Every structure is written in C-alpha cells, then in structure tokens.
Amino acid sequence: MISEIYDVIVVGAGHAGCEAAAAAANLGSKTLLVTMNMQTIGQMSCNPAMGGIAKGQIVREIDAMGGYSGIIADKSAIQFKMLNLSKGPAMWSPRTQNDRMLFAEEWRYALENTPNIDFFQDMVKSLIIENNQAVGVVTSLGIEIRSKSVVLTNGTFLNGLIHVGDKQLGGGRMGEPRAFGITEQLVSSGFEAGRMKTGTPPRVDGRSLDYSKMDEQKGDENPQKFSYSDTPKLTKQLSCHIVYTNETVHDILREGFDRSPMFNGTIQSLGPRYCPSIEDKINRFAERTRHQLFVEPEGWKTVEIYVNGFSSSLPEDVQIKAMKHIPGFENVKVFRPGYAIEYDYFPPTQLKHTLETKLVENLYFAGQINGTTGYEEAAGQGLMAGINAHNKVHEKDEFILNRDEAYIGVLIDDLITKGTEEPYRMFTSRAEYRLLLRQDNADIRLTEKAHKLGLANGERLKRVEEKIAKSQELESFLRETSLKPGLINPILEGIESNPVDQAYRASQFLTRPNITLEKLEEIDIIKEKASQYDDEVREQAEVNIKYKGYIEKEKENVAKLNRLENVKIPEDFDYIKLSSLSAEAKQKMTKVRPKTLAQAGRISGVSPSDINVLMVYLGR
C-alpha cells in the first residue's frame, strides 16, 4: 500500500486524464495520475490533429479556462487551417495538423512540470468504495492507493477488443493491453454499462506514395493558433493531400465483407455515425462512386502517413489490396492495418452536471467512458471533472458551465440529459446559442470564471481585459467615423456593391455581407487606426459590429430560457405522483433527475405540456 493519501486520483493519461490531472493539480490538489504506460501519456490514438468544426471551439475554451490542450496543440502543430471561413463567424473552426510524437512529448513535459502531480505506472483493476464513496484504487499488483476522490478516464481500454477481419485481440490500442475489473465492479454496484465501437485507418509509408496524383492541401497563409497565451506561431507548414477512392477500390473491399466483423455479426455495438469505416460508407452509400480521403503526415521527422477516411476492420490483405488501387497508392507499403475496437462505456445519464456519478460519491467519469468520441470532447470533460473533484474535496462550490456559456456546457448537458447510444460528437448545430459561443471570444466568455476558480492567472485576465478595451475602442472609432462617397464608392464598385450618394459611418458599411474590415483598410484613415491593433482585436470589433442585432437577439433568448433554469426541482421529487404527466415523462425524468425546469425540457420525450404540469405544481 502507498501510504500517501491523495486529493484526486486520475485513472488514465489520455486527453481527458491529462486535463483532469492538470486542472486538479493547478488548483492545489495533491494529484496522482495512474497510467498503464508512462510512454503513452497524451497519445493521439487516432488522427494526428486537434480541433475542427465545433471541436476547435472546445480547444479554445479549454485554453481560456487555463487548460493545456491549446498550448500543446500549438507547440506541436505542423499545419493550421481555419475551417468554414466562407460562412458566418459562429461556424469558424480552428484546426491543427500535429506532430504525433511531439504532441505526446509536450504533454508529458507539461505534466511533469506541474506542481502537485505524481505518476504511477500500473493498471487499476478496482476502486476502493467505502460508505458509498470512492476513496482510492487497487492496481493489478495489489497496491492500494487512497484518495479523497477518483476520476476515471479509461478511454477505449475497459475490456477493449480489437478486430482485424476475423482476428480478435484483447487491447485498448494496438500493441497495448486492455483493462479489466472496473466495469464488473461498477455493474455489481448498480451501474448500467454498454459497449461502443470505434476504429482507426491504416498507417502507411509516405516514401511509397506518389503525391503528384493527389491534390495538395496547404495550411493557411496567415496561420493562427489555439492558445491565447504566447505560444509560437507557425512559420513553416507541412501539406496534407486529398485523393479519392474509386469503384475498383469499392469492389475489392466488398469482397471482404463476409470476413468483416461489422457484417458477419461479430461486432454488435454501434460506431460513430459521423466517422464511419470505409466499408460502412460503401455499404450505406452504395450509389456513390468515390469517397474522399485525406493523406496526413504524422510529424516533422517521420515518413508515417495517416490515411484519414479509410478507417477499417476488414482483413489486412483486403485493406492492402484495395489501397493499391487508390491513385498515388499503387506501390503503398503499410506500417499497420486499420482496425476496429469495442470497449465498455457507462451511459452518462448516471452522472451529475459536475461529472460526479449519482451512485457513488466522489467518483467522476470523463471522456470515452461517457460515450463520447474525439480528443477535444474528452479533454473538455477532463478539465471539468478535475475542477469539480478538486472543489468537492476542498468543500468548494460545484463548477458548471451552462449551454449559453460554452460548447463544453452543451456537451455535458447533452450527455447528462439526453444520454447517448452511439459515440457522441460535437457539432455547431448542437448549440442553440452558437453565435455567442464563437471561437474568437472564448477568452472573453470564460477567462474571468477561470481566474475566480484559480486556474487562469492574473496575466491571462489582464490580456482579456486589454482585448475587450481595445476592441471597444476600435468599434467606437468605426461607429463614429464617416466615409464620404468619394472614399468608399471605388471600393463598393470594385466588389459590385451598391454605391452611395452621401456619407455613412464606417460601421454601417461593415454590416453589408460582402464588406470586411480588411476592405475598408484600403482607405487611409481606417488603415491608420486599424493597424494599431492585433488580428484578434480587429476580428472582435468587426464581428461585434456585423452581427450586433443577431447577438442581442440571442442574448434575449438566453434571458428567457434562464428563467426556467432558475426554477429548481427538488432532488427527491416524485414524478410518479403527478397523474397529469405522460408515462414517458415520468420514466425519463425519474431516471435523469433534472435539476431545473429548463433541463427537464431538454430531455428527449418530455413535451411542453409536461413542463407546464411541472410549472403549475412548482407554483410557477
């Protein structure tokens, strides 16, 4: 037995575990990070990239809160792209391509240089639960380690089973053993468990590919970054490439369907809807003659390539034969085939909004154990679980982000309220207030909250305050400065926008859909002022002017909904006794135990009339 008693033990050192440990330790908790392999801390198990649509917003939120994912992503980036720039700012989503080995190295370095974190390498086979409270863990060596709270971030390792064709291997990742014991213990304690599936593509030798047959995808000319801190900006970037499958590839893949665990009944669990395997794609979308693949480098100093879009559990010989008919892959050499993996998860309706379990006190779940998919979703949960585990053991208030405050809030509320039967992935469409939850204002939304918690330091808060002040200053200038027809009409005519016959404020021109601040900077008076500010300040001022009406409307909607968020429902409320409630509402609300009327209204199957019944009963 290890004699030291920790405040927080984090089990698993993937994205969720790393953020959980960092958050708890930085808040002052004595933290132990237990991992089966010290060499795979912060491992990118699937694609070597961070961010993307809605996921990029989560990474920026983690950074604004004082988490590490944005910093690590910036330090290991090999390419940066801002996605969806042709759409409105609510949809803009940052994404980096990353050096896989450097990413893990930077995570380990960051954690080892964080005070209050200890490390231990072993598999956790069970929890120590006393008086319905988690008070430690027991490892496979029989070592007992005591703590005041436990955060489980087991990823795909709980009874993990790898599939390559008709071959099956026990493991949490290729070449790494699975974890066992925890699921069985929790199920015997009353928890509900399920199985999910995910998969990963083959890795190939970049030296064997002919890139001249592919479309090059370069990074942005002016690459930005995730972190609001002084992380380095990219000065050089590696290109990705795009290529397409064809009917010959599809025919070869179909030949292996009878040996595919997805089609012969071996795999029963559901995989991610929005990241299907290549065999699933050609089966479900049989009318399509081709599918897009992204050929992505794994790092600065390696020839290894990740074939994004070719995720597969087909036999390795079928995978290799089919790939050789992809343009540029005729002489491909495979480092390792793609595979599928099944693993245990726990339906997240068994959690509170703090990510503490309802059945066992001081036990927290974060990441794929809650049914999510993606590094970013896992990291966001890990951050929140680490904060709340710390707060609980130090008798501080719980910390919850609402749906109008962060994508992380939307993610957790969706999981807790609606549950999930397939791997959950975040999209901008899941957020009803996405114009408020933009990637550019995550620091404005969250850094002050993080500073009050003790996670974001004074320097970070000062930066945010300066950004707000400067963007307001630039905004005021644009609202007060008039532009005469002689100055503005040449610009308007150049972009086929209607000319004017009198002076208007610069801000009024910015509300036109095809006018940008960059365009207005062709006028000297605007350029002279705008050039005094950095890109983030200018972007903030422009968005605030362009979308002012929409933003105000969204804030009004938030205020209306918050009236229902303020109507609390007693934790022991007996829904069964309300005869006017529908049977489904009684069942769902008894299971979920919503804390507020607003949360009750978001439960699938609960109707507006059910909410009205509750409102009447609660005296509203």
Side-chain angles (χ1 to χ4, degrees), residues 10-17 19-20 36 45-46 123-127 134 150-163 170-173 176-200 261-262 266-277 313 339-360 363-382 384-385 411-426 591-592 604:
V10 178
V11 181
H15 298 260
E19 286 290 3
M36 291 179 8
S45 306
C46 201
M123 186 192 84
V124 170
K125 69 174 184 180
S126 64
L127 306 171
V150 177
V151 181
L152 292 184
T153 68
N154 304 77
T156 58
F157 282 79
L158 290 178
N159 293 314
L161 185 63
I162 292 170
H163 299 267
R173 271 192 296 252
E176 296 181 54
R178 60 183 167 184
F180 52 86
I182 291 176
T183 299
E184 295 74 11
Q185 179 191 13
L186 291 176
V187 169
S188 69
S189 299
F191 283 86
E192 178 191 348
R195 295 283 278 177
M196 280 190 177
K197 175 197 87 79
T198 189
T200 193
M262 281 190 59
T266 306
I267 292 178
Q268 297 287 333
S269 47
L270 289 173
R273 177 188 300 265
Y274 302 102
C275 189
S277 64
S313 59
Y339 61 88
I341 180 167
E342 287 187 286
Y343 56 93
D344 294 338
Y345 85 106
F346 292 84
T349 50
Q350 301 170 99
L351 303 177
K352 302 175 183 178
H353 274 84
T354 58
L355 298 180
E356 183 183 22
T357 69
K358 295 174 182 175
L359 283 176
V360 176
L363 176 62
Y364 297 78
F365 292 172
Q368 283 173 291
I369 192 172
N370 291 337
T372 59
T373 179
Y375 308 146
E376 303 82 4
E377 290 91 339
Q381 292 171 70
M384 297 300 286
L411 164 69
I412 293 174
D413 185 63
D414 274 358
L415 294 172
I416 305 315
T417 304
K418 300 173 183 176
T420 187
E421 294 178 352
E422 61 183 42
Y424 177 103
R425 179 178 175 181
M426 179 53 73
K591 182 178 181 181
V592 174
S604 175

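On a predicted model such as this, the values are computed, not experimentally measured, just so you know.
- Side-chain N or O atoms of Gln185 include one that pairs as donor or acceptor with a backbone N or O of Leu127 at under 3.5 Å.
- Closest of all the heavy-atom pairs between Leu161 and Arg178 is CD1-NH1, 4.4 Å.
- Closest approach of His163 and Ser313 over heavy atoms only: O-CB, 3.9 Å.
- Across Thr373 and Pro423, no two heavy atoms sit closer than the pair CB-CB, 3.8 Å.
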Given the rule in the side-chain contact (heavy atoms from CB on, under 4.5 Å) test, do Leu363 and Leu186 qualify, once you have shown the distances and angles that lead to the verdict? CA-CA 11 Å; Leu363 176 62; Leu186 291 176; 4.0 Å; yes

For side-chain contact (heavy atoms from CB on, under 4.5 Å), just list the numbers for Asp344 and Arg195, CA-CA rounded to whole Å, side-chain angles, deciding distance to a tenth of an Å, and then say yes or no. CA-CA 5 Å; Asp344 294 338; Arg195 295 283 278 177; 2.9 Å; yes

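- By the 4.5 Å heavy-atom criterion applied to side chains, Gln368 and Asn154 are not counted as neighbours.
- Side chain of Ser126 to main chain of Gly181: no donor-acceptor pair is present (N/O by atom type, distance under 3.5 Å, no hydrogens or angles).
- The number of heavy atoms from other shown groups lying within 6.0 Å of CZ (Phe191) is above 12.
- Between the CG atom of Asp414 and the OH atom of Tyr424 there is a distance of 3.5 Å, given to the nearest 0.5 Å.
- Nearest heavy-atom pair, Tyr375 versus Cys46, reported as atom, atom and distance to 0.1 Å: OH-N, 2.7 Å.
- With sequence neighbours left out, Glu422 forms a salt bridge (Lys or Arg N to Asp or Glu O under 4.0 Å) with Arg273.
- The ring pair (Phe, Tyr, Trp, His ring centres under 6.0 Å) test applied to Phe346 returns Phe365, not counting sequence neighbours.
- Although no hydrogens or angles enter the test, the distance criterion places a donor-acceptor pair under 3.5 Å between the side chain of Thr372 and the main chain of Gly367.
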Taking it one step at a time, do Tyr364 and Glu356 satisfy side-chain contact (heavy atoms from CB on, under 4.5 Å)? CA-CA 4 Å; Tyr364 297 78; Glu356 183 183 22; 3.4 Å; yes

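- Glu19 CD to Met384 CE: the interatomic distance, rounded to the nearest 0.5 Å, is 12.0 Å.
- Separation of atoms CG (Leu351) and CD1 (Ile369) is listed at 8.5 Å; rounding is to 0.5 Å.
- Residues Thr156 and Thr198 are in side-chain contact: their nearest non-hydrogen atoms beyond the backbone lie under 4.5 Å apart.
- Note that NZ of Lys352 and OG1 of Thr349 are 14.5 Å apart. Values are rounded to the nearest 0.5 Å.
- The main-chain N or O of Pro347 is never found under 3.5 Å from a side-chain atom of Glu192 such that the two would form a donor-acceptor pair.
- Tyr339 contributes atom OH, which lies 7.5 Å from atom CZ of Arg173 (distance to the nearest 0.5 angstrom).
- Under a 3.5 Å cut-off, the side chain of Gln381 and the backbone N or O of Ala16 do not form any donor-acceptor pair.
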Go through the steps for Glu176 and Phe157 under the test side-chain contact (heavy atoms from CB on, under 4.5 Å), then give the verdict. CA-CA 9 Å; Glu176 296 181 54; Phe157 282 79; 3.7 Å; yes

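- Looking at every heavy atom in both residues, Val187 comes nearest to Ala193 through CG2-CB, 3.8 Å.
- Asn370 contributes atom CG, which lies 9.0 Å from atom CG of Leu411 (distance to the nearest 0.5 angstrom).
- Not a single donor-acceptor pair under 3.5 Å links the side chain of Tyr345 to the backbone N or O of Leu158.
- In this structure, the side chain to side chain contact (heavy atoms under 4.5 Å, CB included) partners of Glu184, at least two apart in sequence or on a different chain, are Asn159.
- Between Thr357 and Gln350 the shortest side-chain heavy-atom distance does not fall below 4.5 Å.
- When every heavy atom of Ala20 is checked against every heavy atom of Val151, the shortest pair comes out as CB-CG1, 4.3 Å.
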